[in-house]
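Reviewing the structure listed below.
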There are 2 protein chains.
Amino acid sequence: MDSSDDSGHGAPTEEDAPPATFADDGKNTIGSQLASRLREAIISGELEAGSKINLDKARKTFNVSLSPLREGLARLISDGLVEFQDNRGYRVAPISLANLEEVTTLREELEVFALRESIRMGDIEWEGNIMRALHRLNRTERDAARPETLEHWEALHREFHLTLISGCGKPLLLHFCNLLLNLNDRYRRAFLIRTSGDRNVGQEHSEIAQGAVVRDVDYACEKLRQHIHRTGTNLRNHLATKGVV
Amino acid sequence: MDSSDDSGHGAPTEEDAPPATFADDGKNTIGSQLASRLREAIISGELEAGSKINLDKARKTFNVSLSPLREGLARLISDGLVEFQDNRGYRVAPISLANLEEVTTLREELEVFALRESIRMGDIEWEGNIMRALHRLNRTERDAARPETLEHWEALHREFHLTLISGCGKPLLLHFCNLLLNLNDRYRRAFLIRTSGDRNVGQEHSEIAQGAVVRDVDYACEKLRQHIHRTGTNLRNHLATKGVV
DNA sequence: AATATAAAAATAATCGATTATTTGTCAAGC
DNA sequence: GCTTGACAAATAATCGATTATTTTTATATT
């Protein structure tokens, strides 16, 4: 949309265009952009779990004013990534063994329920989306040596899980699951998780996907439940190793 | 993750300040007070579902500045009571048949699960709290002629349901349930629901409570599920009557 | 008349400065 | 020595004004 000059409006109004790579996809306001950046910073561990968020420092770090900063932080509260207390400000939500276990348990309940509903309600479009997400995920290599590949894999992994349940037709339920996935990813990325030797995660995903598209509710749901449970156990071991309570 | 505001079901002996006389509670921030007032205004239907919230008018109505107003509204987003769009502002979350059905379904899933966990984990203290909440609820008359008694009953009813699941030891799950209860109450209060003739709600509550304290998981959970389901059906009929899609 | 365009009004977002609250420090009194 | 309270510094909350965006209205063009 930039190059060729359209209807001759000689006006020199063209000024510093924002980096063309940033699609104008609804993240217009500073507050929204900030929410995204902060979310990523928290999930990736760049902002330490449990740490206080000093508004003044954050304001300088992100080069923004107070209003959008508060706006962004307020939004992360609904994501469960930030906690707030009147007159005492914000802090990054802490991580703990108990929290990890709750997240895992609730994922087993909610994500499995959402899959069940998706299988019941989903259409062909949904099936296709699953196969696509599965393919992209399984064809992507995870190379521990290159962090950027890990991030990419994480994004595809998340996408796969969300696609699985995207057919359930229940916005609130999807919101909950999305939130739980956010929380879960913090633990995962905190340890740059390498799957334990006795797991073939790729196959696990394939089994879940296959079960879903052939509408075998019990099979797919049980496979998903086990998948979530194993991941939880895996993460818990890492956490215990690090001595987190 | 919970905002530190009102709706306290945590404080046992708390007497509620009767009318919403403004200001001088002094202790909380304006943003928090606003969040409470707005939450009540939305749940009670004072602010119409789906309607736009004009910041300038709201600012004048509530006699506050923009910052705390936005702060308060942002918090209601996590409660599912307000929706937001960049550069287009806030609006009261709409109600619909589909939403009511989802809320009911998810309550059946989550609240029942939370009760199951509470029965497994709850201590004597928890049992006592249930009996107290039940007693207060059953001893309170609901007089359709006097709205303030309805509000009081609603508060006790909400308190009872939250107490039932308060022993589960899962903060996130409680947060979800609390949110669902908020959404559910909007429908309930929209119709000043009078229970249909074939229900004895008082007895339903008693059965659930009894089952819980004697730790009969299956009995208590099934009774709760039916209770939620019946309420959902009841509300759906009212909604259909009003022609809501 | 219908569509497109430009100016104006309404509304939302942001900023910089000010006010309120909490936290930290230190001396006085017991 | 320990608590208490006054003060100061740090931090959070709020305000009023300014800037940016969207919506509405008016005008022109086909």
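No experiment lies behind these values; they were computed from the predicted model shown. Letters A, B, ... mirror the listed sequences (proteins, then strands); counts begin at 1.
B/Glu71 has its CD atom 7 Å from the P atom of D/dT14, to the nearest Å. Note: CD (A/Gln85) to P (D/dA12) measures 12 Å, nearest angstrom. Rounded to whole Å, the distance from CZ on A/Arg91 to C1' on D/dT11 is 13 Å. Rounded to whole angstrom, the span from the CG atom of A/Leu69 across to the C1' atom of C/dG16 amounts to 15 Å. Across the protein-nucleic acid pair, A/Tyr90 atom OH and C/dT22 atom C1' stand 16 Å apart, rounded to whole Å.
B/Asn237 meets the side-chain contact (heavy atoms from CB on, under 4.5 Å) test with B/Thr233; sequence neighbours excluded. In this structure B/Tyr90 satisfies the ring-ring contact (aromatic ring centres under 6.0 Å, His included) test together with B/Phe84, sequence neighbours excluded. For A/Glu151, the side chain to side chain donor-acceptor pair (under 3.5 Å) partners at least two apart in sequence or on another chain are A/Arg189. Residues passing the ring-ring contact (aromatic ring centres under 6.0 Å, His included) test with B/Phe113, sequence neighbours excluded: none.
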Set out, line by line, the N/O atom pairs under 3.5 Å between protein and nucleotides 19-25 of chain D.
from   : atom 1 : to      : atom 2 : distance (Å)
D/dT21 : O3'    : B/Asn87 : ND2    : 3.4

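In the set D/dC15, D/dT14, C/dT14, the nucleotide with an atom closest to the side chain of B/Leu66 is C/dT14.
The side-chain hydrogen bond (donor to acceptor under 3.5 Å, both in side chains) contacts involving residues 92-105 of chain A comprise A/Asn99-A/Tyr187, where partners must be two or more places apart or lie in separate chains. For the side-chain hydrogen bond (donor to acceptor under 3.5 Å, both in side chains) condition, no pair includes a residue of residues 49-66 of chain B, sequence neighbours left out.
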Donor-acceptor contacts under 3.5 Å from residues 168-178 of chain A side chains, at least two apart:
from     : atom 1 : to       : atom 2 : distance (Å)
A/Lys170 : NZ     : A/Glu117 : OE1    : 2.9
A/Asn178 : OD1    : A/Arg158 : NH2    : 2.8

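Remark: A/Lys52, A/Ile53, A/Asn54, A/Leu55 in residues 48-60 of chain A come within less than 4.0 Å of DNA chain D through at least one heavy atom.
In this structure, a donor-acceptor pair under 3.5 Å is present between the side chains of B/Asp86 and A/Thr29.
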